[in-house]
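Down below is the structure, laid out as structure tokens.
Not measured: the values here are computed from a predicted model. In what follows, chains carry the letters A, B, and so on, assigned in the order in which the sequence lines appear, proteins first and then strands, with residues in each chain numbered from 1.
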Amino acid sequence: MTIRIRVQNDDFDMAAEYERLRRNDSYGAVVTFTGLVREVQGDHLQAMHLEHYPGMTENVLMTIVKQADARWNLGDVTVIHRVGSLTLNEQIVLVAVSSAHRVDAFEAAQFIMDFLKTKAPFWKKEATTRGEHWVEAKDSDDKAGQRWSVNK
Amino acid sequence: MTIRIRVQNDDFDMAAEYERLRRNDSYGAVVTFTGLVREVQGDHLQAMHLEHYPGMTENVLMTIVKQADARWNLGDVTVIHRVGSLTLNEQIVLVAVSSAHRVDAFEAAQFIMDFLKTKAPFWKKEATTRGEHWVEAKDSDDKAGQRWSVNK
Amino acid sequence: MIKVKFFAALRERLDCNETGVENFQGTAHELLDILKSRSTQWRATLEAQQVLCAVNQQLVPLSAEVNEGDEVALFPPVTGG
Amino acid sequence: MIKVKFFAALRERLDCNETGVENFQGTAHELLDILKSRSTQWRATLEAQQVLCAVNQQLVPLSAEVNEGDEVALFPPVTGG
């Protein structure tokens, strides 16, 4: 199993990351999740700034991936999260998981995203035509994280 | 919403399909599933042949995607499934879903794959060093399809 | 006439892509019985495994009615994806 | 000395990236109380929203012990992804 964790300012090449994961004869399933900067409803987004806690971020992401690997039968996992200034439609995050079986790949990718959203020290600040504000954490993300604590 | 359904002999370009879906400011989440020809355990795969029922296949895939769209809040959906002769590590199927929210994109992509596996008229035949055989349907796929019939 | 198509393992074992059944009125199950009665080999093949049925390219249970001019397809459980 | 880092909205509202607390022994909750007592503005900011705590880059509950030389971080609920 190869785990790749990256926290970076630069954009990432989703196609190259996918190609890296698919080149293994044993894994028949690849699931990717990509998060993009989207428009703010009823307003116009001018920029998004992503702050993080260097050092802690990478450790938390690695811990989350290792928890997923202990729970499902996984091939390779890549997690890339950008920080710094982004604009509308830019890529923020990529989670890519390969596995012999599709259910493992789907569930592990969801698990990693759910915990990234609730445990990894990233914070988003949006600048719109009405000014700057820090994005509020969502209850729905806490709930998404909690569903994995019950054995399914 | 744009729905793209393709049943084709030719390989597909996963990166181009992803780029098509991500170019929309309203959808912040893209989930992709790719199925690949994988090695047969304890044997060596020489080729895979995929047969389908022309006409019916496209209709079934469209019906499945429309059911997903009725159930979740989706952006665009692309389903591409290959037929004919494939070799080890080739791409078989792509399901790509965009949405404003990640949970919708994840669940819809899983739903589409679960029903594709149990309702769409495709059949796989594997050729290994021990001869040719039709792949048997899996109980686990029936179960994966059934879980969507209970309201969650 | 009812046009009947076969796919995958069923098509190979019957050595038949497509056949016709004349003057038929009844359910898909009854149509299957007529096909089984064609030969011991057809009976054996059609009874050896689970057979799914589509009428006019829609999956249906074997209790479904088949009408003159319909396109019926018989095939094993699907294995795509 | 305990090094205390602040992030995101907390860092901006306190106008402070990092501070130090001398001769401290106790829980993260007690450390937070010391920081609140620095000024009415710090108290208001640290009481206005949910504050999460990491000790040596591990998320911990506020009941966790903080020891000499630890790196403590205080921040709002995370919003990445």
Side-chain angles (χ1 to χ4, degrees), chain B residues 5 7-8 33-38 48-64 79-84 86 91-95 109-126 131-142 144-145, chain C residues 1-21 24 27-29 31-32 35-36 41-81:
Chain B
I5 308 275
V7 178
Q8 61 189 44
F33 172 85
T34 322
L36 306 161
V37 180
R38 71 184 171 101
M48 172 172 280
H49 186 80
L50 264 148
E51 180 170 334
H52 80 126
Y53 182 176
M56 179 171 169
T57 318
E58 293 83 349
N59 292 339
V60 170
L61 295 176
M62 184 57 84
T63 301
I64 295 169
V79 179
I80 304 176
H81 202 298
R82 292 178 65 197
V83 292
L86 306 183
Q91 299 181 127
I92 303 170
V93 60
L94 171 69
V95 170
Q110 266 190 290
F111 174 96
I112 292 168
M113 274 309 302
D114 285 349
F115 282 94
L116 185 156
K117 285 244 169 200
T118 51
K119 303 288 184 197
F122 293 105
W123 300 273
K124 279 181 188 149
K125 190 181 191 177
E126 290 175 344
E132 290 191 346
H133 67 275
W134 290 94
V135 172
E136 298 276 327
K138 278 187 266 174
D139 282 351
S140 60
D141 286 327
D142 275 343
Chain C
M1 198 189 72
I2 311 287
K3 186 162 76 173
V4 183
K5 294 180 165 213
F6 301 105
F7 289 96
L10 228 51
R11 175 181 55 71
E12 278 193 355
R13 284 170 201 154
L14 298 174
D15 198 10
C16 178
N17 292 331
E18 192 174 316
T19 187
V21 176
F24 178 80
T27 65
H29 191 92
L31 182 69
L32 191 57
L35 295 168
K36 284 178 186 173
Q41 197 239 323
W42 277 51
R43 178 172 301 279
T45 298
L46 293 167
E47 288 181 349
Q49 65 167 112
Q50 194 189 344
V51 174
L52 301 186
C53 178
V55 173
N56 299 329
Q57 307 192 349
Q58 303 268 1
L59 264 185
V60 295
L62 288 176
S63 57
E65 282 294 319
V66 176
N67 296 304
E68 183 61 25
D70 281 353
E71 175 179 301
V72 175
L74 299 172
F75 44 77
V78 304
T79 57

Exercise: identify the closest heavy-atom pair between C:C53 and C:V72: SG-CG1, 4.0 Å

Top of C:N56, C:L59, C:L52, C:V78 for chain B proximity - count of heavy-atom pairs under 4.5 angstrom: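 Heavy-atom pair counts peak at C:V78.
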
Flag side-chain contact, heavy atom, 4.5 Å: C:F7 against B:M56: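 A side-chain contact under 4.5 Å is absent here.
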
Contact check, side chains of C:F6 and C:T19, non-hydrogen atoms, under 4.5 Å: yes

Backbone of C:L14 reached by a side-chain donor or acceptor of C:T45 within 3.5 Å: no

C:E47 side chain to C:A44 backbone, donor-acceptor under 3.5 Å: no

Which atoms of C:Q50 approach chain B - backbone, side chain, both or neither, heavy atom under 4.5 Å: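 For C:Q50, there is no contact with chain B at all, as no heavy atom is under 4.5 Å.
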
Region of C:A54 in contact with chain B, defined by heavy-atom distances below 4.5 Å: side chain

Region of B:K125 that comes under 4.5 Å of a non-hydrogen atom in chain C: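 Side chain of B:K125 only, per the 4.5 Å heavy-atom cut-off to chain C.
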
Which portion of B:H133 sits near chain C, non-hydrogen atoms under 4.5 angstrom: neither

